[in-house]
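Lettering of chains follows the sequences in order, A, B, ..., and the numbering in each one begins at 1. Remember, predicted model here, so these are calculated numbers, not experimental data.
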Amino acid sequence: MSDLRVRFAPSPTGYLHVGGARTALFNWLLARQQGGTFILRIEDTDVERSTSESVDAILEGMKWLGLDWDEGPFYQSESFPLYKEYVRKLLEAGKAYKCYCTAEELDAKRNLAMQEGRKPKYDGTCRERADQPDGQPYVVRFRAPQGGVTSFNDLIKGTITFPNEELDDLIIQRTDGTPTYNFCVVIDDATMRITTVIRGDDHVNNTPRQVQLYEALGFPVPQFAHVPMILGSDKARLSKRHGATSVIAYRDMGYLPEALMNYLVRLGWSSGDDEIFSREEMIQKFDICNVGRSASVFNTEKLNWLNAHYIKNSEPERLAALLQPHLAARGVSTLGGPDLAAVVKTLQERAQTLEEMAERAVFYYNAPVNYDDAALAKFDKELLAEVFAKVTEKLSGSATNSIPEIDALFKEICSENGWKMGQVGQPVRIALSGGTQAPGIGEIVMTLGAEETIRRIQKAREFVSGK
RNA sequence: GUCCCCUUCGUCUAGCCCGGCCCAGGACACCGCCCUUUCACGGCGGCGACACCGGUUCAAAUCCGGUAGGGGACGCCA
């Protein structure tokens, strides 16, 4: 057990998106690798926007990915007294002060500053104010250092320095007495003894103010690692308009959790030329220092490739269980049909997602009601009738206990009648599946069983002769 | 506008800290060939990048300076 303590701190205002998942993953990886502690904290100080549905959705996403946490979930909304206490301390020490400016006044000043091309920051009206108007609403502001610079060493980006002049006196407590984000994070990270803060790099600008707070409060400053954002194909911050961003949506689209994990860990991080990482390998090889400094574009094609890889290498039984809901969603019942695991075996090599696999599995359970006319039209009507007849005859009189055995039967049919495999295989494929894109004939016949195969060929035969 | 950060094939990246092994390697995608009863899988090959300009050096993707472009932050949101 090391004393490394990291945390993932999402705000419950939506589902767990891929960006958040990657941040959580990096934290988790480091904790697991070093025997540290991974803490889950829900940042719900914004009572207006936080919902318990979001909390559930986030937990569901993390569980699906297998990102288990050691402590928490802690809710900031339950620590309000703690934050209040520290606000009081700061106030007493003169490191914070009450500000009576109204939100409207501040808005006006901010807009004016923007218009005049100045940095919109608090002008310090109440900083040296001596009077304390009774009963007047006020916010508490942190008395930030005025000169000099604040810098910190980022594990990913290196040393980052901000002139203190750029930072104004931030509000740490609102008029209604609730604490604000930048203040809560510091108190929480400090009291939870977080040693390394790994978060999205949209927080880089918050970091110097937080460092100042740590110092004012007398807390040790943790290490920081700001991971770059994930962009959409147009290089803009990834959002819904780029498609799915929720990890649960990826589950529903038929992605395997290990595929998404593998994709996410390689987005912005690498270990030589390796592409495939099992859970154990990523834990072993991950190094926060190897995370790139620039943002990366989310690429579904590569995710698909990874997903296909994991589908190919998964146990058919496991896949069958995961596939079931996708079939059910299509109104397909597997009752009375072939064993789903057997079906999966024939589809594993050809599907990128479980959705795709489900689509391709339908014909096993629902015999085709119509056929690919264009494909059928490539064959002579008489030939089709003859092929169907010979195949039926052969199948009913022979053993069909293995794929090689069945393949051999079809070869025999070809040689006995002087046909090419394409003349036999394709029509049979159409008869059995309705179309031309399907597993090998041997695989289908084996999975469907001779009886059902003959039934379907019979049906196709009638269809063809009726035309 | 101000501040902070970033910049290698279309995309993810290796190399950059510790200049020469890099006329830049791998992967996804794409294209072609092979395998093949379809669709896939697989195998082989191809296309394709150091943002730009200066400087330092015998030598720069790698060091220095500038320019351009992109992103982020500037809330009583987190």
Using a strict cut-off of less than 4.0 Å between a Lys/Arg side-chain nitrogen and an Asp/Glu carboxylate oxygen, indicate whether A:E43 and A:R41 qualify as a salt bridge.
yes
Closer than 4.0 angstrom, basic N to acidic O: yes or no for A:D168 and A:R141?
no
Quick one: do the [X] and [Y] side chains pair a donor with an acceptor below 3.5 Å?
| X | Y | result |
| --- | --- | --- |
| A:T125 | A:K109 | yes |
| A:S433 | A:Y364 | no |
| A:R266 | A:S296 | no |

For the side chain of [X], counting heavy atoms from C-beta on, which of [options] is nearest?
| X | options | result |
| --- | --- | --- |
| A:R429 | B:C28, B:C76, B:U38 | B:U38 |
| A:W305 | B:U38, B:G71, B:C28 | B:C28 |
| A:E275 | B:A78, B:A27, B:G72 | B:A27 |
| A:Q437 | B:C39, B:A78, B:U13 | B:C39 |
| A:P120 | B:A73, B:G1, B:C12 | B:G1 |
| A:K312 | B:A78, B:G42, B:C12 | B:G42 |
| A:D273 | B:A78, B:U38, B:G25 | B:G25 |

All side chain to side chain contact (heavy atoms under 4.5 Å, CB included) counterparts of A:S314, not counting sequence neighbours
A:L256, A:E258, A:R318, A:L319
Taking only heavy atoms on the protein side, list every residue of [range] lying under 4.0 Å from any atom of RNA chain B, sorted numerically.
| range | result |
| --- | --- |
| residues 341-358 of chain A | A:E349, A:R350 |
| residues 9-20 of chain A | A:S11 |
| residues 407-423 of chain A | A:D407, A:M421, A:G422 |

Hey, is NZ on A:K121 packed in by over 12 heavy atoms from elsewhere, all under 6.0 Å?
yes
Between [N] and [M], how far apart are the two [atom1] atoms, rounded to whole Å?
| N | M | atom1 | result |
| --- | --- | --- | --- |
| B:U11 | B:G54 | P | 26 Å |
| B:G42 | B:C52 | P | 36 Å |
| B:U57 | B:C63 | C1' | 10 Å |
| B:A51 | B:C74 | C1' | 28 Å |

Would you mind building the protein contact string for nucleotides 3-11 of chain B? One character per nucleotide, 5' to 3', B for base within reach (heavy atoms under 4.0 Å), S for sugar-phosphate only, - for untouched.
SSSSS---S
For a quick check of understanding: with a heavy-atom distance under 4.0 Å over all strands, which category does [X] fall into, base, sugar-phosphate or nothing?
| X | value |
| --- | --- |
| A:C289 | nothing |
| A:T45 | sugar-phosphate |
| A:P439 | base |
| A:T175 | base |
| A:G440 | base |

Whole angstrom is fine here: how far is it from [atom1] in [X] over to [atom2] in [N]?
| X | N | atom1 | atom2 | answer |
| --- | --- | --- | --- | --- |
| A:I156 | B:G72 | CD1 | P | 18 Å |
| A:N307 | B:A40 | CG | C1' | 15 Å |
| A:L170 | B:A78 | CG | P | 11 Å |
| A:I403 | B:U36 | CD1 | C1' | 16 Å |
| A:D287 | B:C17 | CG | P | 18 Å |
| A:F183 | B:A78 | CZ | P | 13 Å |

If pairing requires Watson-Crick or G-U wobble contacts with both distances under 3.5 Å, which nucleotide is the partner of [N]?
| N | answer |
| --- | --- |
| B:C16 | none |
| B:A61 | none |
| B:C76 | none |
| B:U67 | B:A51 |
| B:G32 | B:C44 |

Please evaluate the base of B:A73 for a donor-acceptor partner in the side chain of A:N206 within a cut-off of under 3.5 Å?
no
Taking the ring of A:W69 and the ring of A:F8, is the distance between their centroids below 6.0 Å?
no
N-glycosidic conformation, B:C12 - syn within 90 degrees of 0, else anti
anti
Using the ring-ring contact (aromatic ring centres under 6.0 Å, His included) rule, collect all pairs that involve residues 157-181 of chain A, keeping only residues at least two apart or in two chains.
A:Y181-A:H203
Keeping to residues at least two apart or across chains, list the ring-ring contact (aromatic ring centres under 6.0 Å, His included) pairs with something in residues 367-387 of chain A.
A:Y371-A:F463
Just wondering, do A:N182 and A:I172 contact through their side chains at under 4.5 Å, heavy atoms?
no
Quick one: are A:I198 and A:F224 in side-chain contact, heavy atoms under 4.5 Å?
no
So, is A:R237 close to the B:A73 phosphate, meaning a side-chain N or O under 4.0 Å from OP1 or OP2?
yes
It should be established whether A:R110 places a side-chain nitrogen or oxygen under 4.0 Å from OP1 or OP2 of nucleotide B:C76.
yes
Closest-nucleotide mapping onto RNA chain B: is A:D202 or A:A438 further toward the 5' terminus? I mean the 5' end.
A:A438
Let me have the donor-acceptor pairs involving side chains of residues 304-311 of chain A, under 3.5 Å, with sequence neighbours excluded, atom names and distances please.
from	atom 1	to	atom 2	distance (Å)
A:N304	OD1	A:Y255	OH	2.5
A:Y310	OH	A:N262	OD1	2.5
A:Y310	OH	A:F277	O	3.1

Taking side chain to side chain donor-acceptor pair (under 3.5 Å) as the cut-off, I'd like each qualifying pair that reaches into residues 146-163 of chain A, sequence neighbours left out, listed once.
A:T150-A:N164, A:T150-A:Q212, A:N153-A:T159, A:D154-A:H226, A:K157-A:D201
In chain order, what residues pass the salt bridge (Lys or Arg N to Asp or Glu O under 4.0 Å) check against A:K302, with sequence neighbours excluded?
A:E275
Distance-only donor-acceptor pairs under 3.5 Å for side chains of residues 409-421 of chain A, two or more places apart:
from	atom 1	to	atom 2	distance (Å)
A:E412	OE1	A:K394	NZ	2.8
A:S415	OG	A:K411	O	3.2
A:S415	OG	A:E412	O	3.0
A:E416	OE1	A:K394	NZ	3.4
A:E416	OE2	A:K394	NZ	2.8
A:N417	ND2	A:I413	O	2.7

With a centroid cutoff of 5.5 Å and a plane-angle limit of 30°, would you call A:H203 stacked on B:A78?
yes
Could you give the side-chain donor-acceptor pairs of residues 95-103 of chain A under 3.5 Å, partners two or more places apart or in another chain?
from	atom 1	to	atom 2	distance (Å)
A:K95	NZ	A:A216	O	2.9
A:Y97	OH	A:D169	OD2	2.6
A:T102	OG1	A:E105	N	3.1

